[in-house]
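Report on one structure; see the data block that follows.
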Protein chains: 2
Amino acid sequence: MGTIVKTSAGEEIMQKISDSGYKLTESRRVVVELALKHEGHFSAADLYETIKSEAPSVGRATVFRTLDLLTSMQLLEKIHLGDGCHSYVVCQSRHHHHLICNTCGLTIDFENCHLNELLQDLSRLTNFSIKGHWLEVFGQCERCQNKEQFAVVGSIMKKDS
Amino acid sequence: MGTIVKTSAGEEIMQKISDSGYKLTESRRVVVELALKHEGHFSAADLYETIKSEAPSVGRATVFRTLDLLTSMQLLEKIHLGDGCHSYVVCQSRHHHHLICNTCGLTIDFENCHLNELLQDLSRLTNFSIKGHWLEVFGQCERCQNKEQFAVVGSIMKKDS
DNA sequence: GTGAGTGCAAAACGTTTGCATGAGC
DNA sequence: GCTCATGCAAACGTTTTGCACTCAC
């Protein structure tokens, strides 16, 4: 307990932190490694819960500060879920969007949004100077679709267990 | 001061509230009318500030409760700004998206997002069952673009006023 | 050695809730 | 008159901040 396995992706991020002139501290390494452990998106609270059990010496404020740092370096991205909560996802490419599983949180990136034509039309019609856009797609991943079928059967079988 | 002008749009919303079986109270009327006063999006805090000066008897909790009610009736929609704050916009049509001015908050709805092809591709590639999507476009409206030009000139002219 | 970074606790923030009172139907 | 809705205040969860200490450079 308490041993944080260092991943290569984590080391890569630590390198970028160092390259940007920030110090390589143990707390930052913990936050980075545990953030990478999450398959999909995660909230600050999720991450802090994990940290409390795996590396209890790291404080809550440090989690928020490190998440902010990573977000400002575009290594993480803040996303919004349907219910209004915000979460973070690890960020790979420059301009991209997310396909998010509402059930398990699995997040898949995609790049080409084919929106250029729409944005040009909008700009022409409204005289807005368009600065950016934000697209998120919600659904259910293959695994959760299958699980849900099993779950229904299961709940019938062991009702009021 | 303290006089809430009743708009026809406001009366229309009040009618829908009544039709849905909710009571037509003075507080709800105040929230609806002052929400309609906002040209673009507004936060709960924005609205409560306005209410504190125009109708100070209405409590904070009522503002939140009424915003929730209007959102659940799809008369308002909760949107997310780039910085992570949520705001509300008055909602006209069924499926639509928003073009938002980053400077003044002016919000323009548009309906056709031409995303069907993209969503089909995504579904095919990932085996996700796609439930919905969310698109917001950010930019600067014509008026704010012009204002910004003046503002630059202005600040040069009366620097350190 | 120095200052950026930290942990802790308290504060701030936005939002929700419990409850006695009041207004709409 | 009955109930829903309200105002108030307190509680809540999340995020930020102030401060003394410490660790990476």
Side-chain angles (χ1 to χ4, degrees), chain A residues 2 4 11 13-35 41-73 76 78-81 83-88, chain B residues 2 4 11 13-35 41-73 76 78-81 83-88:
Chain A
I4 307 297
E11 282 312 304
I13 290 179
M14 292 310 285
Q15 188 60 51
K16 283 180 189 168
I17 289 176
S18 171
D19 290 347
S20 302
Y22 299 106
K23 291 184 178 170
L24 289 183
T25 66
E26 190 51 33
S27 298
R28 279 179 180 157
R29 179 164 276 125
V30 167
V31 174
V32 167
E33 293 296 350
L34 293 182
H41 55 80
F42 56 92
S43 67
D46 290 340
L47 187 57
Y48 182 60
E49 276 309 304
T50 316
I51 284 174
K52 250 199 332 204
S53 62
E54 306 241 343
S57 70
V58 176
R60 204 199 318 268
T62 301
V63 174
F64 280 101
R65 284 188 277 233
T66 308
L67 288 175
D68 277 354
L69 176 67
L70 294 172
T71 305
S72 75
M73 293 179 66
L76 281 185
K78 228 175 182 171
I79 60 170
H80 298 286
L81 272 34
D83 61 0
C85 299
H86 5 49
S87 286
Y88 295 85
Chain B
I4 308 296
E11 282 311 304
I13 290 178
M14 293 311 284
Q15 188 61 50
K16 285 180 187 167
I17 289 175
S18 171
D19 291 348
S20 302
Y22 300 106
K23 291 185 179 171
L24 288 183
T25 66
E26 190 50 34
S27 299
R28 281 180 178 155
R29 179 164 275 122
V30 166
V31 174
V32 166
E33 293 296 350
L34 293 181
H41 56 79
F42 56 91
S43 67
D46 289 340
L47 187 57
Y48 183 59
E49 276 310 304
T50 316
I51 285 174
K52 253 201 326 205
S53 63
E54 305 243 342
S57 70
V58 176
R60 202 199 320 268
T62 301
V63 174
F64 282 101
R65 283 189 276 232
T66 308
L67 288 175
D68 278 353
L69 176 67
L70 294 171
T71 305
S72 74
M73 292 179 66
L76 282 185
K78 226 174 181 171
I79 60 169
H80 298 286
L81 273 33
D83 60 0
C85 299
H86 3 51
S87 286
Y88 295 86

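Lettering of chains follows the sequences in order, A, B, ..., and the numbering in each one begins at 1.
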Could you please spell out the steps behind the side-chain contact (heavy atoms from CB on, under 4.5 Å) verdict for A:Glu33 and A:Glu11? CA-CA 9 Å; A:Glu33 293 296 350; A:Glu11 282 312 304; 4.2 Å; yes

CD1-OG distance between A:Ile13 and A:Ser18, expressed to the nearest 0.5 angstrom: 13.5 Å

Could you measure the distance from the CE atom of B:Met14 to the CZ atom of B:Arg28? Nearest 0.5 Å is fine. 7.5 Å

Does the side chain of A:Leu34 reach to within under 4.5 Å of the side chain of A:Phe42, using non-hydrogen atoms? no

Does A:Val32 reach the side chain of A:Ile17, with side-chain heavy atoms less than 4.5 Å apart? yes

[atom1] of [X] versus [atom2] of [N]: gap in Å, rounded?
X: A:Leu24; N: C:dT6; atom1: CG; atom2: P; answer: 11 Å
X: A:Ile17; N: C:dA4; atom1: CD1; atom2: P; answer: 17 Å
X: A:Glu26; N: C:dG7; atom1: CD; atom2: P; answer: 10 Å

Which part of the nucleic acid, if any, lies within reach of A:Ser57 when heavy atoms closer than 4.0 Å are counted: base, sugar-phosphate only, or nothing? sugar-phosphate

Could you tell me whether B:Ala44 contacts a base, only the sugar-phosphate backbone, or nothing, with contacts defined as non-hydrogen atoms closer than 4.0 Å? sugar-phosphate

Return whichever of B:Lys23 or B:Ser43 has its heavy-atom-nearest nucleotide of DNA chain C closer to the 5' end. B:Ser43

Assign each of A:Arg28 and B:Ser18 to its nearest nucleotide of DNA chain C by heavy atoms, then name whichever residue's nucleotide is nearer the 5' end. A:Arg28

Under 3.5 Å donor-acceptor, [X] side chain and [Y] backbone:
X: A:Thr71; Y: A:Leu67; value: yes
X: A:Asp68; Y: A:Arg65; value: no
X: A:Thr66; Y: A:Thr62; value: yes

Students should find this one: the first and last nucleotides of DNA chain D, 5' to 3', lying under 4.0 Å from a heavy atom of chain A. What are they? D:dT15 to D:dC25

For residues 60-72 of chain A, which residues have at least one heavy atom under 4.0 Å from DNA chain C? A:Ala61, A:Thr62, A:Arg65

